[in-house]
Amino acid sequence: MKYWLVKSEPGAYSWEDLLKDGWTYWDGVRNYQARNNLREMKKGDQVLYYHSNKGLHIVGVARVTKEHYQDPTTSDERWVVVDIEPIKPLNTPVTLSDVKSDARLKNMPLIKHSRLSVMPVTKKEFDLIMRMGK
DNA sequence: GCCAACGTTGGC
DNA sequence: GCCAACGTTGGC
């Protein structure tokens with residue numbers, strides 16, 4: 001199983017929106033690197049859910065329920081989506097400054113490559129964030 | 001609201 | 001194929 005992190009502006013689509021909907025397709029990715037990461041996602045992979053712009057924290061964990069397929073919001077064949085559903089919220093959201101101030105998380109693209117919206121997370125990073133969010 | 005970082009576009 | 005101009009993202 002692999003681990004990922006996706007970013008969403010809560011004003012556009014928040015963790016609460018995902019809880020309310022029960023699932024969603026992750027659309028709107030228009031960046032090749034992020035798209036390639038979507039293509040790598042397998043059913044059952046776990047996904048950290050990060051609020052950008054407002055919040056600046058990881059608020060919950062989701063799961064991939066359907067692997068990549070054509071983005072239904074465009075006819076452009078270059079872009080894909082995956083389906084995700086919420087698993088559970090973090091009791092304590094892990095903030096960007098928490099991530100920045102922990103040396104074990106300093107290689108996360110969240111910090112090093114701040115504009116990437118879909119990124120891989122190592123098991124170590126994932127486990128640590130889960131512990132921090134307990 | 002500003003601006004740095006970065007990706008994309010288009011002229012040459 | 002280079003690079004300047006431009007648009008977008010996202011933290012501050």
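We name chains A, B, ... by the order of the sequence lines, and we start the count at 1 in each one. For clarity, every value in this text was computed on a predicted model and none was experimentally measured.
- For A:R39, there are no salt bridge (Lys or Arg N to Asp or Glu O under 4.0 Å) partners two or more places apart in sequence or in a different chain.
- Residues from residues 99-121 of chain A lying near DNA chain B, meaning a heavy-atom separation below 4.0 Å, are A:H113, A:R115 in numerical order.
- For A:W4, the ring-ring contact (aromatic ring centres under 6.0 Å, His included) test picks out no residue, with sequence neighbours left out.
- The side-chain heavy atoms of A:K7 and A:L110, taken from C-beta on, include a pair separated by under 4.5 Å.
- Close approach of DNA chain B to chain A, defined as any atom under 4.0 Å from a non-hydrogen atom of the protein, starts and stops at B:dA5 to B:dT8.
- Evaluation of the ring-ring contact (aromatic ring centres under 6.0 Å, His included) rule for A:Y3 yields A:F126 as partners, not counting sequence neighbours.
- Here the options are A:K124, A:K123, A:R131, the test is salt bridge (Lys or Arg N to Asp or Glu O under 4.0 Å), and the partner is A:D127; only A:K123 passes.
- With values rounded to the nearest 0.5 angstrom, A:T65 atom OG1 is found 5.5 Å from A:E85 atom CD.
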Show me the side-chain donor-acceptor pairs of residues 20-30 of chain A shorter than 3.5 Å, one per line, residues at least two apart or across chains.
| unit_1 | atom_1 | unit_2 | atom_2 | d |
| --- | --- | --- | --- | --- |
| A:D21 | OD2 | A:Y13 | OH | 2.7 |
| A:R30 | NH1 | A:D71 | OD2 | 3.0 |
| A:R30 | NH2 | A:D71 | OD2 | 3.4 |

